[in-house]
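Below is one structure; the comments refer to it alone.
This one's a predicted model, so the numbers in the text were calculated from it and none came from an experiment.
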Amino acid sequence: MKNGLLPQKSLLAVVIMSTLALSPLAIAQTPTNTSINNQFINNSSLNIKLISDTRVRSRNDNSAFDAYGRLNYSAYNAIIDFNSGYYDNFIGVDVAGYLAGDVYNNSIQNDNNEYLSNEISLSHNQDWGAGNGPHLKLYTAAVKFKYHDLFSGKIGLIQSTGNGTIGNVWSFVPGTYRGLELNAHIDGGKLTYFWADKYTAPWLLSEDDYVGWANTQWNYIHSLGYENSFGDFSYNLGIGQAMDVRYSDTTRSVNPTSYKIYTRYQLNPNIQLAADFYGVNDKIKYNGLGYMSGLSLNMNHGQWGWLSQLRYANSNNGTEIVPRTIYTYAMNNGSWSQFWDALSDWNQSGEVSLYNRLSFNAGNGWNYYMGLGYGSGMDSAKVGYNSEAAINGTVGYTLQQGTLKGSVVQLHSTWLTRDEIKSATAGRDETDVRLQVIIPYSVF
């Protein structure tokens with residue numbers, strides 16, 4: 001874990017660069033009337049996406065900082081993504097990267113005058129250094145292959161498709177694993193094996209930027225997943241493990257094992273029910289099994305939508321649950337399905353939480369939603385509060401036609417309050433106002 005995910009330092013990069021160089025040459029030597037070989041070019045795509053994220057987020061848990069200046073910035077990502085077709089209906093390449101930086105940054109700073117990481121512009125370490133750029137980062141560089149409709153895979157700098165217990169840490173771009181994914185398509189289902197020995201979050205330049213509390217060492221992580229459906233019922237099952245994990249706060253090592261069960265049932269065209277369980281057996285962090293479980297109800301009626309999700313988190317030692325194989329933040333990610341965009345992770349051990357969201361799609365590009373969340377049952381003496389509640393909402397517009405069709409402008413806001421106990425020394429309330437502009441463009 002000491003070397004960053006720099007392609008020139010790995011044998012995988014040689015394979016990728018060789019494929020990039022040799023595949024067009026091979027195509028040029030192939031008769032032009034052989035359409036199956038021309039699929040490498042004919043089925044390729046080049047997409048660009050420009051993103052602006054302007055945000056003010058407060059958190060009043062540290063009297064040394066201005067609460068409303070904790071995160072106060074405007075940052076950007078300029079993403080370019082190339083996906084080839086398959087040469088000879090067998091092999092292709094995917095390459096993607098992005099430029100990231102800040103337009104302005106008035107967030108809090110540390111003693112070295114480094115800004116707090118905002119997870120959009122690239123940082124020099126886990127917590128600080130945002131906007132010291134701009135920086136260019138390669139996040140995908142992979143060889144992909146398939147054999148008819150029976151087998152597919154990819155190798156290099158890749159992302160997980162989420163079948164199993166390994167997923168991606170997302171900002172506007174995904175994090176990067178160095179490894180491979182293999183898929184076997186059997187009787188309508190898909191069996192997936194994923195393996196990786198390196199990872200970087202999207203807001204970090206390299207693995208060298210996991211420092212201090214985040215400096216976790218591990219050998220490799222892998223997962224086996226299977227997904228299938230029968231009529232209106234579908235499911236995703238997974239098991240995974242990380243080998244020789246060494247957390248920064250201990251000299252001991254552990255091989256945490258992760259488990260996933262996700263089921264979904266389409267009751268009728270307008271009502272969907274789902275259940276999700278994600279557990280990790282980690283003897284150091286949870287003293288055994290820690291897990292999150294959830295139920296979801298999704299209903300649609302014309303232009304209106306209703307979402308209700310119930311969640312419960314639990315661990316043997318009262319530690320908050322994080323649904324990923326390796327506990328450390330941004331070191332990897334799992335494939336937990338619920339996300340409420342409501343500042344809290346609603347994941348304290350013993351916490352039962354409920355979130356309801358009402359949405360409306362006006363049909364002319366405008367869409368709206370408002371949500372309400374509430375959670376309680378945690379150990380207040382340990383976490384500092386008895387309960388938490390949040391109200392959040394979004395107003396968005398999507399461009400309906402023209403060259404930039406699909407461009408999005410959206411304003412999101414959340415107010416989170418926590419019922420702190422008297423012994424707590426600092427408040428835990430938060431507010432968030434966020435304006436995002438997303439402009440996609442397909443070159444070919």
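The closest donor-acceptor contact from the side chain of N77 to the backbone of A100 lies at 3.5 Å or more, if one exists at all. Judged purely by atom type and a 3.5 angstrom limit, N333 uses its side chain to pair as donor or acceptor with the backbone of N168. Remark: the backbone N or O of S206 is paired with a side-chain donor or acceptor of D209 at under 3.5 angstrom. With hydrogens and angles ignored, the 3.5 Å screen pairs a side-chain donor or acceptor of S107 with a backbone N or O of N72. A distance-only check finds a donor-acceptor pair linking the side chain of D379 to the backbone of A381 [under 3.5 Å]. Put simply, the side chain of N316 gets close to the backbone of N287: a donor and an acceptor are under 3.5 Å apart. Not a single donor-acceptor pair under 3.5 Å links the side chain of T200 to the backbone N or O of L204. Side-chain N or O atoms of T192 include none that pairs as donor or acceptor with a backbone N or O of N183 at under 3.5 Å. Formation of a donor-acceptor pair under 3.5 Å by the Q272 side chain with backbone atoms of Y265 is not found in this model. Of the possible donor and acceptor atoms, one in the side chain of N110 sits under 3.5 Å from a partner among the backbone N and O of E114.
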What verdict does the side chain to side chain donor-acceptor pair (under 3.5 Å) test give for S121 and D102, after you've listed the backbone C-alpha separation in whole Å, the side-chain angles of each residue and the deciding distance to 0.1 Å? CA-CA 6 Å; S121 59; D102 286 346; 2.8 Å; yes
Kindly indicate, with the supporting measurements, whether the criterion side chain to side chain donor-acceptor pair (under 3.5 Å) is fulfilled by D127 and S117. CA-CA 5 Å; D127 293 316; S117 176; over 6 Å; no
Checking T140 against V95 for the side-chain contact (heavy atoms from CB on, under 4.5 Å) test, could you report, in this order, the C-alpha distance in whole Å, the side-chain angles of both residues, the deciding distance, and whether it holds? CA-CA 5 Å; T140 299; V95 180; over 6 Å; no
Derivation and outcome, salt bridge (charged side-chain N to carboxylate O under 4.0 Å, His left out), residues R55 and D53: CA-CA 6 Å; R55 187 180 194 184; D53 180 65; 5.5 Å; no
Step by step, work out the side-chain contact (heavy atoms from CB on, under 4.5 Å) result for F233 and R264. CA-CA 6 Å; F233 178 78; R264 185 177 66 249; over 6 Å; no
Step by step, would you call Q410 with T394 a side chain to side chain donor-acceptor pair (under 3.5 Å)? CA-CA 7 Å; Q410 62 183 22; T394 294; 5.8 Å; no
In sequence, state the C-alpha distance, the side-chain angles, and the governing distance for W304 and L358, and then conclude on side-chain contact (heavy atoms from CB on, under 4.5 Å). CA-CA 7 Å; W304 293 91; L358 178 66; 3.8 Å; yes
Where do R418 and E430 land on the salt bridge (charged side-chain N to carboxylate O under 4.0 Å, His left out) test, with the steps shown first? CA-CA 9 Å; R418 290 178 168 123; E430 300 185 45; 3.4 Å; yes
If you apply the rule side-chain contact (heavy atoms from CB on, under 4.5 Å), what do you find for D429 with L416, and how did you get there? CA-CA 6 Å; D429 296 344; L416 173 69; over 6 Å; no
For F90 and Y147: C-alpha separation, side-chain torsions, deciding distance, then whether ring pair (Phe, Tyr, Trp, His ring centres under 6.0 Å) applies. CA-CA 6 Å; F90 172 67; Y147 180 73; 8.0 Å; no
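Taking all atoms of both residues into account, the shortest heavy-atom contact from N332 to V169 is O-CG2, 3.2 Å. S315 and T319 make their closest contact through OG-O, 2.8 Å (heavy atoms, listed as atom of the first residue, atom of the second, distance). When all heavy atoms are compared, the tightest approach of V322 to Y286 is N-OH, 3.0 Å. Shown here for Y278 and K260, the closest heavy-atom pair between the two residues is CD1-CB, 4.1 Å. Here the closest non-hydrogen pair linking A130 and L116 is CB-O, 3.4 Å. Between R57 and R70, the shortest heavy-atom contact is O-CB, 3.5 Å.
Between the side chains of S308 and W306, at least one donor N or O lies within less than 3.5 Å of an accepting N or O. With no hydrogens or angles considered, no side-chain donor-acceptor pair links Q266 and N268 at under 3.5 Å. Using modelled atom types and a 3.5 Å distance limit, the side chains of S229 and S234 yield no donor-acceptor pair. No side-chain donor from either of T257 and N281 sits under 3.5 Å from a side-chain acceptor of the other. In this structure, a donor-acceptor pair under 3.5 Å is present between the side chains of T165 and S258. For the residue pair E388/T417, the side-chain donor-acceptor check at 3.5 Å is not satisfied.
Residues Y210 and M331 form a side-chain contact, since some pair of their non-hydrogen atoms from C-beta on lies under 4.5 Å apart. By the 4.5 Å heavy-atom criterion applied to side chains, F194 and L182 are not counted as neighbours. Contact annotation: the side chain of I79 never approaches that of I48 to less than 4.5 Å [non-hydrogen atoms, C-beta and beyond]. The shortest distance between side-chain heavy atoms of N118 and N105 falls below 4.5 Å.
Note: D419 CG to N386 CG = 5.0 Å, rounded to the nearest 0.5 Å. For the atom pair CG (D432) and OG (S413), the distance works out to 7.0 Å, reported to the nearest 0.5 Å. Separation of atoms CG (L122) and CG (L205) is listed at 5.0 Å; rounding is to 0.5 Å. Taken to the nearest 0.5 Å, the CG atom of N392 stands 4.0 Å off from the OG1 atom of T414. Remark: N356 CG to M370 CE distance equals 13.0 Å, nearest 0.5 Å.
Under a cutoff of 6.0 Å and an axis angle of 45°, K285 and Y247 form a cation-pi pair.
Taking the six-membered ring for Trp, Y199 and Y177 have ring centres closer than 6.0 Å. Aromatic pair Y115/Y73: centroids not less than 6.0 angstrom apart. The ring of Y291 has its center closer than 6.0 angstrom to the ring center of F277. Checked against the 6.0 Å centroid criterion, the rings of F40 and Y86 do not qualify as a close aromatic pair.
Atom CE of M243 has more than 12 neighbouring heavy atoms from other residues, nucleotides or ligands inside a 6.0 Å radius. For D149, the CG atom sits in a loose shell: 12 or fewer heavy atoms of surrounding residues, nucleotides or ligands are nearer than 6.0 Å.
Partner of D276 under the side chain to side chain contact (heavy atoms under 4.5 Å, CB included) criterion, out of P323, S335, S337: S337 alone.
Taking 4.0 Å as the cut-off between side-chain N and carboxylate O, K49 and D81 do not count as a salt-bridged pair.
Evaluation of the salt bridge (charged side-chain N to carboxylate O under 4.0 Å, His left out) test over residues 215-243, restricted to residues two or more places apart or in two chains, returns K190-E227.
Relative orientation of the W340 and W346 rings is tilted, given thresholds of 30° and 60° on the angle between their planes. Below 30°, between 30° and 60°, or above 60°: for Y226 and Y235 the angle between ring planes is between 30° and 60°, a tilted geometry.
Judged as a ring-ring contact (aromatic ring centres under 6.0 Å, His included), and not counting sequence neighbours, the contacts of H135 are H124.
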